[in-house]
Amino acid sequence: LKFNVIILSRFYEKIFTVSDYSRKEIIDELSISPERVIRIYEGAGSDLKCFGAKPLKENTIIHFGSDDPRKNTLNTIKAFQKSKMSKNGFKLLVLGSFDNSFIMNEITPNINVKFMGFISKSNLIKLANSSFCLCYCSTYEGFGMPIIEFQEIGVPVLTSNSTSCAEVCSDGGLLVDPDNSDAISSALDTLYADTDLYRSIVAAGYKNIERFSWEKCALELIEFYEK
């Protein structure tokens, strides 16, 4: 497959991608000239926006789970179980329908970790807007749309200090080493204990999403096609 992609890339005048991290990977992996690979960010415009009165905040942390190791679900659960939050009434809501048997064999059963499975859009909106924070510590992402979706609804984001996550989140969240469960746990507890930090991250998240616009995305695409 990689060989086919390399061959096909020779015929493309331009290759568009959604992050500088992905752009560098494409250049390095396909051995093509940098000027042929164009980064255009995706836009904000969250499907998670709540129209009308927002639901009251609850002691919940959202994680989008998967049996794909790059989503780092096992490490996220371990980090939460070590945190003070897990002992003070918080729940980690693991969203997504997947085989979690490999995780259950690795963790201590905990009533504060809830595997929610697939949920409806309306339920996701409610859970997202009422959550304390998003824990999105993937070991690999090409963009990371949930980061800006949660920033846009005023929910603090805890994410990875690597791949595209750090680039997309920038100063609008807490960045941690995704391979270090102690670091994730410590960041969760810091966010829990420091109200001023919590508020500043919400404000920084709103500021960060100003970089992302579907209108800007479309205009940049049009500009290249017109050339």
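For the pair Asn129 (side chain) and Lys49 (backbone), a donor-acceptor distance under 3.5 Å is absent. In this structure, the side chain of Ser97 does not engage the main chain of Phe118 through any donor-acceptor pair within 3.5 Å. A distance-only check finds a donor-acceptor pair linking the side chain of Ser86 to the backbone of Phe80 [under 3.5 Å]. Counting only distance, with no hydrogens or angles, the side chain of Asn75 and the backbone of Pro178 share a donor-acceptor pair below 3.5 Å. Between the side chain of Lys57 and the backbone N or O of Ser131, at least one donor-acceptor pair lies under 3.5 Å. Judged by distance alone, with hydrogens and angles left aside, the side-chain atoms of Ser213 form a donor-acceptor pair with the main-chain N or O of Lys216 at under 3.5 Å. Under the 3.5 Å distance criterion, the side-chain polar atoms of Ser185 are left unmatched by any main-chain donor or acceptor of Ser181. Asn100 contributes no side-chain N or O that, together with a main-chain N or O of Ile103, makes up a donor-acceptor pair within less than 3.5 Å. The backbone N or O of Gly172 lies less than 3.5 Å from a partner atom in the side chain of Gln151, making a donor-acceptor pair. With Asp189 contributing its side chain and Ser83 its backbone, the two residues share no donor-acceptor pair below 3.5 Å.
By the 6.0 Å contact criterion, CG on Asn59 is enclosed, its count of non-hydrogen atoms from other residues, nucleotides or ligands being greater than 12. The 12-atom threshold is not exceeded at NZ of Lys207, counting heavy atoms of other residues, nucleotides or ligands nearer than 6.0 Å. Counting heavy-atom neighbours within 6.0 Å of Arg211 CZ, excluding the residue itself, gives a total above 12. In this structure, Glu215 places its CD atom where only 12 or fewer heavy-atom neighbours from other residues, nucleotides or ligands lie under 6.0 Å away.
Geometric assessment of Arg23 against the ring of Tyr21 yields a negative cation-pi assignment under the 6.0 Å and 45° thresholds. Judged by the 6.0 Å distance and 45° axis criteria, Arg36 is not positioned over the aromatic ring of Tyr12.
Between Tyr136 and Glu149, the side chains place no donor N or O within less than 3.5 Å of an acceptor N or O (distance only, hydrogens not considered). In summary, the side chains of Ser120 and Ser122 do present a donor paired with an acceptor at a separation below 3.5 Å, with no hydrogens or angles considered. No side-chain donor-acceptor contact under 3.5 Å links Thr73 and Thr76.
The shortest side-chain heavy-atom distance between Val176 and Leu158 falls under the 4.5 Å cut-off. Counting heavy atoms from C-beta outward, Phe64 and Pro146 have side chains that approach closer than 4.5 Å. Annotation: side chain of Tyr192 is not in contact with side chain of Thr190 (no heavy-atom distance under 4.5 Å). Taking the side chain as every heavy atom from C-beta outward, Thr60 and Leu127 never approach each other to under 4.5 Å. Using a 4.5 Å cut-off on side-chain heavy atoms (C-beta onward), Leu188 and Phe90 make no contact. With a 4.5 Å cut-off on side-chain heavy atoms, Gln81 and Ile107 count as touching. In this structure, the side chains of Leu48 and Glu152 stay at 4.5 Å or more apart for every pair of heavy atoms. Using a 4.5 Å heavy-atom threshold, the side chains of Lys114 and Val94 count as separate.
Taking CG of Leu74 as the reference point, atom CD of Glu106 lies at 5.5 Å (rounded to 0.5 Å). Considering CD1 of Ile153 and SG of Cys50, their distance stands at 8.5 Å, rounded to 0.5 Å. In this structure, Leu134 CG and Ile61 CD1 are separated by 10.0 Å, a value rounded to the nearest 0.5 Å. Note that NZ of Lys126 is 11.0 Å distant from CD1 of Ile119, once rounded to the nearest 0.5 Å. For the atom pair CG (Leu93) and CD1 (Ile62), the distance works out to 4.5 Å, reported to the nearest 0.5 Å. The structure places OG1 of Thr17 at 9.0 Å from CD of Glu42, a figure rounded to the nearest 0.5 Å.
In the hydrophobic clustering of this structure, Val157 does not group with Leu174; members are Ile, Leu, Val, Met, Phe, Trp, Tyr whose side-chain heavy atoms approach within less than 4.5 Å, directly or through other members. Linking ILVMFWY residues whenever their side-chain heavy atoms come closer than 4.5 Å, directly or via other members, places Trp214 and Phe143 in the same cluster. No chain of hydrophobic side-chain contacts below 4.5 Å, direct or via other Ile, Leu, Val, Met, Phe, Trp or Tyr residues, connects Val155 to Leu191. Hydrophobic clustering of Ile, Leu, Val, Met, Phe, Trp and Tyr side chains at less than 4.5 Å, counting indirect connections, keeps Ile26 apart from Tyr140. Phe150 is connected to Met145 through a chain of hydrophobic side-chain contacts under 4.5 Å among Ile, Leu, Val, Met, Phe, Trp and Tyr, so both are in one cluster.
Contact check on Lys24 versus Asp20 returns no salt bridge, with no Lys/Arg side-chain nitrogen under 4.0 Å from an Asp/Glu carboxylate oxygen.
Within the structure, every pair that satisfies the salt bridge (Lys or Arg N to Asp or Glu O under 4.0 Å) test and touches residues 71-88, not counting sequence neighbours, is listed here: Lys71-Glu141, Lys82-Asp182.
Listed here is the closest heavy atom pair of Leu175 and Asn161: CB-CB, 3.9 Å. Contact between Ser19 and Ser164 at its shortest, heavy atoms only, is OG-CB, 3.8 Å. Of all the heavy atoms in His63 and Leu92, the pair that sits closest is CB-CD1, 4.0 Å. Minimum heavy-atom separation, Ile209 to Tyr206: CG1-O, 3.1 Å. Heavy-atom minimum distance, Leu124 versus Leu95: CD1-CD1, 3.6 Å. Taking every heavy atom of both residues into account, Pro69 and Thr139 meet most closely at O-OG1, 4.0 Å.
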Item to check | Check against side chain to side chain contact (heavy atoms under 4.5 Å, CB included), Leu56 and Ser130 | outcome: CA-CA 6 Å; Leu56 296 175; Ser130 63; over 6 Å; no

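Ring pair Phe132/Tyr198: centre-to-centre distance below 6.0 Å.
Contacts of Lys121 classified as side chain to side chain contact (heavy atoms under 4.5 Å, CB included), with partners at least two apart in sequence or in another chain: Asp47, Ile125.
Tyr225 forms part of a hydrophobic cluster together with Phe16, Ile38, Ile40, Leu221, Phe224, judged by ILVMFWY side-chain heavy-atom separations under 4.5 Å.
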